[in-house]
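First the structure, in the form of structure tokens, and then the observations on it.
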Amino acid sequence: MYAYAQTRDWEGYFAAAAGRPPRDTLLEALARFEREGVPAPEGVPPLAVDLGCGEGRDTAELLRRGWRVVAIDGHEEAFRRLRARDDIEHWDRLEMRLSAFEECQIPACQLLNASYSLPFCEPERFMDLWKVLTLAIVPGGRFAGQLFGDRDSWAKYPDRSHQTRDEAEALLKAFEVEKFEEEERNGSDCAGKGKHWHVFHIIARKV
Ligand SMILES: C[S@@+](CC[C@H](N)C(=O)[O-])C[C@H]1O[C@@H](n2cnc3c(N)ncnc32)[C@H](O)[C@@H]1O
């Protein structure tokens, strides 16, 4: 298990996430592909990378919609839970990769889905990861996911990657931004502990 995996109660997170529906950013990106077509070779199912897949809420939906999926996560428990799901269609289209973000390989893909996962990349490795994932998305492909803002409660932790709004927008230079929704509210984390959320919900099409 990677060192990062010991810095949070990920098992508690996976238990809390069990049975939750796919993320809205993923559903909206898929709806856009359905309207406009996917930039993939004819007859080959398109490929999505689900970066920080967790227990698989988005991976399951992608497979159900006919995508191939490379699901990447650094925590073994994520894949134990993913394997135990009873709603996975087409296991043959799923590749599970146990890897830290800081050292993962990302294949060329039509969709890079990173739901609530990128803020957990080490800050000194974040720009490298962002460059690699941006390059991996084929022209006409999409990024869907979240970045966390500088006013989020967790921005104070030194091992987290948070961005100001300007920084988040600057990251999207290689994209046509289709959704950039800033959410800021007081709420709680998955363990019920009070937390100020400052999140950017993003869907962007690679130019
Ligand atoms: C908040 S969860 C999100 C899971 C899922 N995408 C969702 O939307 O529910 C973040 C996920 O990223 C993984 N993760 C966090 N930091 C990581 C790192 N540095 N390398 C690899 N995986 C990491 C965790 O194991 C966890 O599954």
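Start at 1 and go down the list; that is how both ligands and their atoms are numbered.
For E55, no nitrogen or oxygen atom sits less than 3.5 Å from a nitrogen or oxygen atom of ligand 1, counting backbone and side chain alike. Residue-to-ligand polar distances keep A78 apart from ligand 1: every N/O pair is separated by 3.5 Å or more. For ligand 1, the polar-atom distance check against W10 finds no nitrogen or oxygen pair separated by under 3.5 Å. The shortest N/O to N/O separation between A17 and ligand 1 does not fall below 3.5 Å. Residue H75 has no N or O atom closer than 3.5 Å to an N or O atom of ligand 1.
Contact annotation for R23 and ligand 1: only side-chain heavy atoms (C-beta onward) come within less than 4.0 Å of the ligand. Contacts between E102 and ligand 1, counted as non-hydrogen atom pairs separated by less than 4.0 Å, involve the side chain only. Of all the heavy atoms of S99, the ones lying under 4.0 Å from any atom of ligand 1 belong exclusively to the backbone. By the criterion of a heavy-atom distance under 4.0 Å, both the backbone and the side chain of S115 are placed next to ligand 1.
Closest non-hydrogen pair, F180 versus A168, comes out as CZ-CB, 3.8 Å. Considering every non-hydrogen atom in both L82 and W91, the closest pair reads O-CH2, 3.5 Å. Closest non-hydrogen pair, F79 versus I72, comes out as CZ-C, 4.1 Å.
Residue P22 forms a side-chain contact (heavy atoms from CB on, under 4.5 Å) with just one option from R65, R64, E61, and that option is E61.
Which parts of ligand 1 touch Y116 is read off a 4.0 Å heavy-atom cut-off, strictly below it: atoms 1 (C), 2 (S), 3 (C), 10 (C). Within the listing of ligand 1, atoms 20 (N), 21 (C) sit less than 4.0 angstrom from a heavy atom of A100. Of all atoms in ligand 1, listed by their number and element, those nearer than 4.0 Å to a heavy atom of F14 are 25 (O), 26 (C), 27 (O). Close contacts of ligand 1 with R57, meaning ligand atoms under 4.0 Å from a residue heavy atom, involve 7 (C), 8 (O), 9 (O).
Dense packing is recorded around CD of E124, with more than 12 heavy atoms of other residues, nucleotides or ligands lying under 6.0 Å away. Summarising the local packing, CZ of R20 is surrounded by 12 or fewer heavy atoms from other residues, nucleotides or ligands at distances under 6.0 Å. Counting heavy-atom neighbours within 6.0 Å of D150 CG, excluding the residue itself, gives a total above 12.
Using 4.0 Å as the threshold, C53 has a heavy atom nearer than that to some atom of ligand 1. Look at D58 and you'll find every heavy atom at least 4.0 Å from all atoms of ligand 1.
Looking at L118, D73, D50, it is D73 that brings a heavy atom closest to atom 13 (C) of ligand 1.
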In sequence, state the C-alpha distance, the side-chain angles, and the governing distance for Y13 and H75, and then conclude on side-chain contact (heavy atoms from CB on, under 4.5 Å). CA-CA 12 Å; Y13 175 82; H75 205 306; over 6 Å; no
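With respect to the salt-bridge test (charged N to carboxylate O, under 4.0 angstrom), the residues E184 and R165 do not qualify. In summary, R151 and E182 engage in a salt bridge, as defined by a charged side-chain N under 4.0 Å from a carboxylate O.
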